[in-house]
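Working notes, structure below.
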Amino acid sequence: MSDLQTIEIDGHPITYQDLGPRDAPAVLLMSGWCHDHRLFDRLVPYLADDLRVLCVDWRGHGEDRTPVADFGYREQASDTIAVLDALGVGRFLPLSHSHGGWANLEIAERVGTARAPRLIVVDWLMTPPAPDFAAGLAAVQDPETWIEGRQGLYDVWMNGHDHERVRRHLDEEMSGFGFEMWARSCRVIAEAYAEFRSPLDRMAALTEPRPVKHLFSQPTDPAYEQAQIDFHAAHPWFGYRTLGGPTHFPTLDSPDKVAAEIREYLG
């Protein structure tokens, strides 16, 4: 994928892609931490012929990797809304991967249902963090154990599979970020869980409820799916779809399925 552009937002260069017809329905793609727009390079070709597709990198995550001052999901939301405003994007469908979901929900809260009438979140841990995941977040924040902690996350995300594109995403793209960004990401994620308890609780607290769909392949534990079934029973605007993919990265290992869900939601 090419067509990378850069805009300065609040003193930070923000890299983005704006692809497809400008008058078509807009889809906003947001990665998790320590990724960039390349997370979507297999998904975009399924969308950009007839949809306006925007991939916006977080500050410090784009072409310019100059170290940045501390920030979190609120700043990610502010930057992204500013990019959309600068590009004249009105209504849009936001889709986030993993813990990019905290910024996704913050954006939804700020712009309201008039601009973001529904949301998609992809492979995001919907329930409070289990002890092993919390321990992994802590390990990555320690300069003595961060490489080992990151590898532990990689191993969970690969789930015993050897998907070539996902492996390259981990070994080359995600590993291109150093300790500072990885430690920040795990701290912000841990703080978000402490603040809201879980993404499901954060969704329930939105001022304007709206349809939210969760697309995921991991975890495969039946209790995890049951938690979402129970949440749907109390909040009918929430839905989910299990994709059955091999890894934590459906936009890379199952882009056709993700694209079909996007089109169904837009339709």
Side-chain angles (χ1 to χ4, degrees), residues 12-15 30-40 56-77 79 96-104 106 121-199 202 216-219 246-253:
H12 298 282
I14 304 295
T15 298
M30 296 172 283
S31 72
W33 288 82
C34 299
H35 313 247
D36 59 23
H37 56 277
R38 290 173 290 183
L39 178 67
F40 304 110
V56 180
D57 290 329
W58 310 126
R59 64 175 66 174
H61 286 63
E63 287 189 304
D64 186 338
R65 297 287 173 86
T66 302
V68 296
D70 198 30
F71 68 98
Y73 72 85
R74 292 180 177 86
E75 289 79 13
Q76 291 174 326
D79 292 346
S96 57
H97 175 257
S98 192
H99 298 288
W102 300 111
N104 190 347
E106 181 69 14
V121 295
V122 178
D123 234 300
W124 190 13
L125 186 59
M126 291 282 108
T127 52
D132 56 347
F133 179 64
L137 294 178
V140 177
Q141 295 176 67
D142 185 337
E144 299 298 322
T145 59
W146 82 280
I147 293 290
E148 178 183 351
R150 185 182 68 181
Q151 186 59 50
L153 295 175
Y154 286 0
D155 292 343
V156 169
W157 295 341
M158 289 298 289
N159 197 29
H161 296 274
D162 191 20
H163 189 283
E164 186 277 332
R165 181 62 187 89
V166 174
R167 174 61 62 190
R168 178 157 52 90
H169 182 64
L170 297 178
D171 293 345
E172 299 178 15
E173 296 164 12
M174 294 194 75
S175 294
F177 292 89
F179 169 71
E180 181 182 36
M181 193 65 80
W182 273 96
R184 176 185 291 125
S185 73
C186 290
R187 175 180 55 78
V188 171
I189 291 166
E191 290 174 350
Y193 277 108
E195 180 180 1
F196 296 109
R197 187 176 177 270
S198 75
R202 176 67 185 97
F216 71 99
S217 296
Q218 294 185 6
T247 77
H248 171 56
F249 303 94
T251 62
L252 293 175
D253 66 41

N/O donor-acceptor pair under 3.5 Å between Trp58 side chain and Gly72 backbone: no
Ring centre gap for Trp157 and Phe133 strictly below 6.0 Å: no
Derivation and outcome, salt bridge (Lys or Arg N to Asp or Glu O under 4.0 Å), residues Arg184 and Asp70: CA-CA 8 Å; Arg184 176 185 291 125; Asp70 198 30; 3.0 Å; yes
Under 3.5 Å donor-acceptor, Gln218 side chain and Val156 backbone: yes
Sidechain-backbone polar pair: Thr145 side chain, Ala139 backbone, donor-acceptor under 3.5 Å: yes
Pair Asp36-His61, side-chain donor/acceptor within less than 3.5 Å: no
Val56 versus Ile14, closest heavy-atom pair with distance: CG1-CG2, 3.8 Å
Trp33 ring center near Tyr73 ring center (under 6.0 Å): no
Short side-chain to backbone donor-acceptor contact, Asp57 and His37, under 3.5 Å: yes
Between CG on residue Leu170 and CZ on residue Arg165, distance to nearest 0.5 Å: 9.5 Å
Gap between atom NE2 of His163 and atom CZ of Arg168 - 0.5 Å precision: 10.5 Å
Euclidean distance, His161 NE2 relative to His248 NE2, rounded to 0.5 Å: 14.5 Å
Euclidean distance, Trp102 CH2 relative to Ser96 OG, rounded to 0.5 Å: 11.0 Å
Neighbour count above 12 (heavy atom, 6.0 Å) for Glu164 CD: yes
Minimum heavy-atom distance Pro13-Asp64, with the two atoms named: CG-OD2, 3.6 Å
Chi angles and distances behind the side chain to side chain contact (heavy atoms under 4.5 Å, CB included) call for Val121, Met126: CA-CA 10 Å; Val121 295; Met126 291 282 108; 4.1 Å; yes
Minimal non-hydrogen separation, Arg65 against Gly176, with atom names: NH1-O, 4.2 Å
Results of side chain to side chain donor-acceptor pair (under 3.5 Å) for Asp142 - residues two or more places apart only: none
For Arg197, all residues meeting salt bridge (Lys or Arg N to Asp or Glu O under 4.0 Å), sequence neighbours excluded: Asp201
Side-chain donor/acceptor of Asp253 to backbone N/O of Thr247, under 3.5 Å: yes
Close side-chain approach of Phe249 and Asp123, heavy atoms under 4.5 Å: no
Neighbour count above 12 (heavy atom, 6.0 Å) for Glu195 CD: yes
Met174 backbone acceptor or donor facing Trp182 side chain under 3.5 Å: yes
Minimum-distance pair of heavy atoms, taken over all atoms of Tyr193 and Pro129: CD2-CD, 3.4 Å
Residue pair Ala77 / Ala103: nearest heavy atoms and the distance that separates them: CB-O, 4.0 Å
Gap between atom NE2 of His12 and atom OG1 of Thr66 - 0.5 Å precision: 11.0 Å
Close side-chain approach of Trp146 and Gln141, heavy atoms under 4.5 Å: no
Within-4.5 Å side-chain heavy-atom neighbours: Glu173 and His35: no
Point-to-point distance, once rounded to the nearest 0.5 Å, from OG of Ser175 to OH of Tyr154: 3.0 Å
